[in-house]
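This chain uses plain numbering: 1 for the first residue, then up along the sequence.
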Amino acid sequence: MNDRLKETPSQTAGPYVHIGTAPQAIGRPALPNQPGPVIESNTGEAIVIEGLVRDGSGAPVRDAMLEIWQADGMGRIGEYGLFARATTDFDTGTFRFRTVRPGRHAEGHAPHVAVLIFARGINIHLHTRMYFPEDREALAKDPDMRRLEPEAVATLIATEDGKTQDGLPLYRFDIRLQGENETVFFDI
């Protein structure tokens, strides 16, 4: 008899993923210590990230869940790292995070926000990154970006989209799950 347990097969995120991970999305109270779409930190410039998750046909994915992981404004990770979770709007498919602009956490790497996507039809969540358009010089030197074709790098760079009503810088970051202009996903 094999003394090791086998890994159970992966399953796609079903229609009930919001109940356990983001109940506030369905009108239920958030669980204690459950992260929301807002990161409170006094370590950097407050920003808002907004976007859509699109499927292969370009249609918004209205029941996806996203997590962001990032360094704080001073570039610190580990116990100082920042985390938030949001779901896409059931009507529009838009997601939105309020966070701080991350600092550079490793020499040679451009500041970025790591993004995980959970959605129907995806057996294992997808990893991607959002970079900032004003960091083009750092992006040109980033060893991870140097391995990608320019059109692939472009899928990872947010666009500046003005200011929010509160006057915060607004970054637009749309994620394309497949097809033309597919977002680059990392094998982590």
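The aromatic rings of H112 and Y131 lie tilted to each other, with the angle between the two planes from 30° to 60°. Taking the six-membered ring where the residue is Trp, F83 and W69 present tilted rings, their angle falling between 30° and 60°.
In summary, R120 and D63 engage in a salt bridge, as defined by a charged side-chain N under 4.0 Å from a carboxylate O.
A donor-acceptor contact shorter than 3.5 Å links the side chain of R62 to the backbone of D91. Side-chain atoms of R176 come within 3.5 Å of backbone N or O of Q178 as a donor-acceptor pair. Side-chain atoms of Q70 come within 3.5 Å of backbone atoms of V100 as a donor-acceptor pair (strictly under, hydrogens ignored). Within the 3.5 Å criterion, the main-chain N or O of G93 finds no donor-acceptor partner in the side chain of T88. Judged by distance alone, the side chain of D72 and the main-chain N or O of M74 form a donor-acceptor pair under 3.5 Å.
The shortest side-chain heavy-atom distance between Y171 and P133 falls under the 4.5 Å cut-off.
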Report all side-chain donor-acceptor pairs from residues 144-163 shorter than 3.5 Å, counting only partners two or more places apart or in another chain.
{"residue": "D144", "atom": "OD2", "partner": "R129", "partner atom": "NH1", "Å": "2.9"}
{"residue": "T155", "atom": "OG1", "partner": "A152", "partner atom": "O", "Å": "2.7"}
{"residue": "T155", "atom": "OG1", "partner": "V184", "partner atom": "N", "Å": "3.2"}

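There is a side-chain donor-acceptor pair under 3.5 Å between D55 and S57.
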* Check against side-chain contact (heavy atoms from CB on, under 4.5 Å), V61 and L52 -> CA-CA 8 Å; V61 179; L52 286 172; over 6 Å; no

* Worked check of side-chain contact (heavy atoms from CB on, under 4.5 Å) between R85 and L66 -> CA-CA 6 Å; R85 180 181 292 151; L66 295 92; over 6 Å; no

* Can you list the steps and then say if M130 with I49 is a side-chain contact (heavy atoms from CB on, under 4.5 Å)? -> CA-CA 9 Å; M130 186 199 97; I49 301 168; 3.6 Å; yes

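Residues F186 and H127 keep their aromatic ring centres 6.0 Å or farther apart.
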